[in-house]
Amino acid sequence: MSDPFVVVGADAAGLSAASKFRREASEREVVVFEKGRWISYAYCGMPYFIAGYVDSMSNLLSLSPSEVDERGIDLQRGSEVVAVDPDAKRVTVETTGGDRFEQEYEDLLVATGARATTGPFDVRDVDGAFTLHNMDAAAAIDAYVAEPDTYDPERADADAVDRERVDRNAAMPAPETAAVVGGGYVGVEVAEALAERGLSVHVFHRSGHLLSPFGETVGNRVEAALEAEGVTVHTDTPVEALVGDDRIEAVEVGGGTDGAPPETVPVDMAVVGVGIRPNTDLLDGTGVDLGPGEAVRVDDRGRTSLPDVYAAGDCATARHAVTGEPDWLPLGLTANRAGRAIGATVAGDPTPVGDIAGTAAVKAFDTEAARVGILDPEAAEEAGFDPVSETVTAGSRSGYYPGAAETDATLVADRDTGRLLGGSIVGTDRAAIRIDTLATAIEADMTVSEVERLDLAYAPPFSPVWDPILVAGKVLNGTIDG
């Protein structure tokens with residue numbers, strides 16, 4: 001085999017591309033370099049592993065190295081691509097064993113993902129302080145929150161796990177109080193997970209409501225859901241510092257918007273979830289175009305500005321379905337879908353990577369929330385729209401049927417055209433999955449009046465005659481017409 005297709009990164013985008021390429025172009029070589037030992041794992045499942053909902057870490061793995069090898073893919077773990085020479089069409093690789101070599105490519109995919117940012121917080125040298133952006137961190141947190149005499153090492157049953165780190169955390173006294181720094185996806189999910197493990201949990205969020213991209217209605221209901229389960233939520237409360245020399249002892253928090261002085265909250269564990277940034281360092285010096293979030297700018301086939309170089313997943317942009325402009329919204333489906341499309345394109349079947357709409361869902365115990373498109377009025381205005389929105393509360397099923405619950409639905413539209421721009425939904429009865437209706441409508445450039453006329457299913461166990469989405473469409477359409 002020759003004309004190698006080289007892939008950097010062995011998770012969602014990278015292995016999706018390599019697998020699709022191998023099926024379509026069996027005569028060409030495909031080489032995948034992975035900096036670490038972990039491959040093809042479910043990042044989104046890590047909070048649920050910590051919560052105890054998932055029995056063992058191996059359940060979060062989609063492919064093993066041996067299964068990748070069986071597909072005819074040359075997987076090289078412990079091999080970091082540190083530089084790309086687009087003129088010579090080769091990459092420089094450094095191994096954990098200290099070797100350094102060059103690999104030529106015919107086509108190259110950069111699928112290096114993203115890494116957690118910690119802001120001003122140094123979590124590396126303080127016991128009990130963590131970020132949660134890889135499997136070793138999930139295993140370490142799971143071990144740390146367990147009582148030393150009850151921890152089951154078989155929970156971290158994957159071969160790639162950093163066993164020394166797990167054992168060290170398992171031997172420490174179990175924490176009683178935890179601080180979760182940041183109230184986004186990770187913060188909400190980790191708060192639930194730690195509360196399920198019996199900890200007293202504080203969530204600190206810099207903004208006025210949790211889950212800022214979901215809107216205020218969702219944020220307030222999720223906050224109420226967390227507090228109903230004993231989690232203490234602090235909004236408008238930035239964390240200024242982690243306190244502790246060898247082990248975390250407290251967090252120092254700002255006084256908030258009311259002018260109160262800073263205070264120190266004692267904790268013996270902290271999880272920092274304040275954001276991520278794309279891993280693009282290997283492209284330094286290549287002149288590659290970057291886009292929003294400093295992610296690699298790509299076209300509708302995943303091609304970068306460099307010849308025969310593609311990018312996908314959390315390190316790359318994608319075209320937003322509402323604005324038509326490049327955006328950076330790192331999510332799991334985006335990575336898998338783009339990787340598969342690029343694998344097909346490189347194999348000779350040009351395939352679009354698809355647009356993104358920021359469709360996302362999260363839960364806080366029994367409360368489900370989801371969002372899609374553009375919800376923020378300022379963002380809509382910056383994109384050239386005149387946004388108008390309405391929020392309604394409607395039943396999830398026929399009122400007489402058991403299990404019916406109040407569901408809040410928000411729709412945002414352009415006043416001039418009536419085009420649907422975004423939406424969110426929150427409730428306790430199968431609320432999140434309803435967002436798929438709005439995601440489909442946005443992809444189809446539908447107007448609110450067209451959404452209002454959708455023929456959605458009705459039966460008392462599943463939905464009232466007027467689904468919450470239809471109610472929201474009807475109300476918003478009336479506002480636009482009025």
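Numbers here simply count residues along the sequence, with the first being 1.
- Applying the salt bridge (Lys or Arg N to Asp or Glu O under 4.0 Å) criterion to D429, with sequence neighbours excluded, gives R397.
- By the side chain to side chain donor-acceptor pair (under 3.5 Å) test, T407 is found to be paired with no residue, residues two or more places apart in sequence or in another chain being considered.
- When atom types are taken as modelled, the side chain of E368 and the backbone of A431 share a donor-acceptor pair closer than 3.5 angstrom.
- With a 4.5 Å cut-off on side-chain heavy atoms, I469 and I425 count as touching.
- In this structure, CG on N336 lies 8.0 Å from OG on S62, to the nearest 0.5 angstrom.
- A donor-acceptor contact closer than 3.5 angstrom links the side chains of T479 and E390.
- Inter-residue side-chain proximity for V412 and I374 is flagged as unmet; no heavy-atom pair is nearer than 4.5 Å.
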Exercise for the section: Go through E227 and V231 one step at a time and tell me if the side-chain contact (heavy atoms from CB on, under 4.5 Å) criterion holds. Expected result: CA-CA 5 Å; E227 291 192 328; V231 175; 5.7 Å; no
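- A pairwise comparison of heavy atoms in Y400 and P460 identifies OH-CG, 3.1 Å as the closest pair.
- When atom types are taken as modelled, the side chain of R371 and the backbone of P213 share a donor-acceptor pair closer than 3.5 angstrom.
- Salt-bridge check for E24 with K20: passed, with a basic side-chain N closer than 4.0 Å to an acidic carboxylate O.
- In this structure, L15 CG and R22 CZ are separated by 13.0 Å, a value rounded to the nearest 0.5 Å.
- Side-chain atoms of V274 and T117, non-hydrogen and from C-beta on, do get closer than 4.5 Å to each other.
- Between the side chain of D300 and the backbone N or O of G354, no donor-acceptor pair lies under 3.5 Å.
- The number of heavy-atom neighbours closer than 6.0 Å to NZ of K35, taken from other residues, nucleotides and ligands shown, is 12 or below.
- Of the N and O atoms on the side chains of D414 and T417, at least one donor lies less than 3.5 Å from an acceptor on the other residue.
- Taking all atoms of both residues into account, the shortest heavy-atom contact from M57 to A158 is CG-CB, 4.4 Å.
- The salt bridge (Lys or Arg N to Asp or Glu O under 4.0 Å) pairs that include a residue from residues 430-451 are R419-D445, R434-D467, where partners are two or more places apart or lie in different chains.
- Side-chain contact between L226 and V201 is absent, with no heavy-atom pair separated by less than 4.5 Å.
- Using a 4.5 Å cut-off on side-chain heavy atoms (C-beta onward), Y105 and V84 make contact.
- Atom OG of residue S40 and atom CD of residue E34 lie 10.5 Å apart, to the nearest 0.5 angstrom.
- The shortest heavy-atom contact between A394 and V471 is CB-CG2, 4.2 Å.
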Can you list, pair by pair, the side-chain donor-acceptor contacts under 3.5 Å of residues 46-55, counting residues two or more places apart and other chains?
from	atom 1	to	atom 2	distance (Å)
Y48	OH	E189	OE2	3.4
Y53	OH	E192	OE2	2.7
Y53	OH	E196	OE2	2.5

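- Counting all heavy atoms, side chain and backbone alike, V32 lies closest to A10 at CG1-CB, 3.8 Å.
- Residue-environment remark: CD1 (I433) stays at or below the threshold of 12 foreign heavy atoms within 6.0 Å.
- With rounding to the nearest 0.5 Å, the separation of CD1 in I435 from CD1 in I442 is 7.5 Å.
- When the side chain to side chain contact (heavy atoms under 4.5 Å, CB included) test is applied to E106, the partners found at least two apart in sequence or on another chain are D3, R28, K89.
- By the side chain to side chain donor-acceptor pair (under 3.5 Å) test, D284 pairs with no residue at all, sequence neighbours left out.
- Within the 3.5 Å criterion, the main-chain N or O of A459 finds no donor-acceptor partner in the side chain of S463.
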Exercise for the section: Could you walk me through whether D157 and S58 pass the side-chain hydrogen bond (donor to acceptor under 3.5 Å, both in side chains) test, one step at a time? Expected result: CA-CA 6 Å; D157 61 346; S58 61; 2.8 Å; yes
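- Residue pairs meeting the salt bridge (Lys or Arg N to Asp or Glu O under 4.0 Å) criterion with at least one member in residues 343-362, sequence neighbours excluded, are R319-D355.
- At least one donor-acceptor pair under 3.5 Å links the side chain of T345 to the backbone N or O of T351.
- Under a cut-off of 6.0 angstrom, the local environment of CD in E80 is crowded, with over 12 non-hydrogen atoms contributed by other residues, nucleotides or ligands.
- Using a 4.5 Å cut-off on side-chain heavy atoms (C-beta onward), V188 and V222 make contact.
- Heavy-atom minimum distance, T317 versus G291: CG2-CA, 4.2 Å.
- Between the T112 side chain and the V110 main chain, no donor and acceptor come within less than 3.5 Å of each other.
- Distance alone, capped at 3.5 Å, is enough to place a donor-acceptor pair between the S16 side chain and the A12 backbone.
- Under the ring pair (Phe, Tyr, Trp, His ring centres under 6.0 Å) criterion, F214 pairs with Y185, sequence neighbours left out.
- Between the side chain of R277 and the backbone N or O of A116, no donor-acceptor pair lies under 3.5 Å.
- Sorted by first then second residue, the salt bridge (Lys or Arg N to Asp or Glu O under 4.0 Å) pairs that include residues 201-225, not counting sequence neighbours, are R221-D408.
- A donor-acceptor distance shorter than 3.5 angstrom exists from the side chain of T323 to the backbone of E325, with no hydrogens or angles considered.
- With a 4.5 Å cut-off on side-chain heavy atoms, D107 and Y310 count as touching.
- Note that CD1 of I276 is 13.5 Å distant from OG1 of T118, once rounded to the nearest 0.5 Å.
- In this structure, a donor-acceptor pair under 3.5 Å is present between the side chains of D136 and W38.
- The main-chain N or O of G418 is never found under 3.5 Å from a side-chain atom of R415 such that the two would form a donor-acceptor pair.
- Looking at residues two or more places apart in sequence or on another chain, you find a side chain to side chain donor-acceptor pair (under 3.5 Å) between D142 and R155, R197.
- Residues L108 and F5 form no side-chain contact, since every pair of their non-hydrogen atoms from C-beta on lies 4.5 Å or further apart.
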Practice task
Tell me, with the steps shown, if L411 and L420 meet side-chain contact (heavy atoms from CB on, under 4.5 Å).
Solution key: CA-CA 7 Å; L411 297 187; L420 180 67; 4.2 Å; yes
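- Partners of H234 under the ring pair (Phe, Tyr, Trp, His ring centres under 6.0 Å) rule, at least two apart in sequence or in another chain, are H202, F204.
- Annotation: side chain to side chain contact (heavy atoms under 4.5 Å, CB included) contacts of D289 (sequence neighbours excluded): R297, S305.
- From R115, atom CZ reaches atom CG of N279 across 5.0 Å, with rounding to the nearest 0.5 Å.
- Minimum heavy-atom separation, R71 to S19: NH1-OG, 2.8 Å.
- By the neighbour-count criterion of 12 heavy atoms within 6.0 Å, atom CG of N59 is densely surrounded, having more than that number from other residues, nucleotides or ligands.
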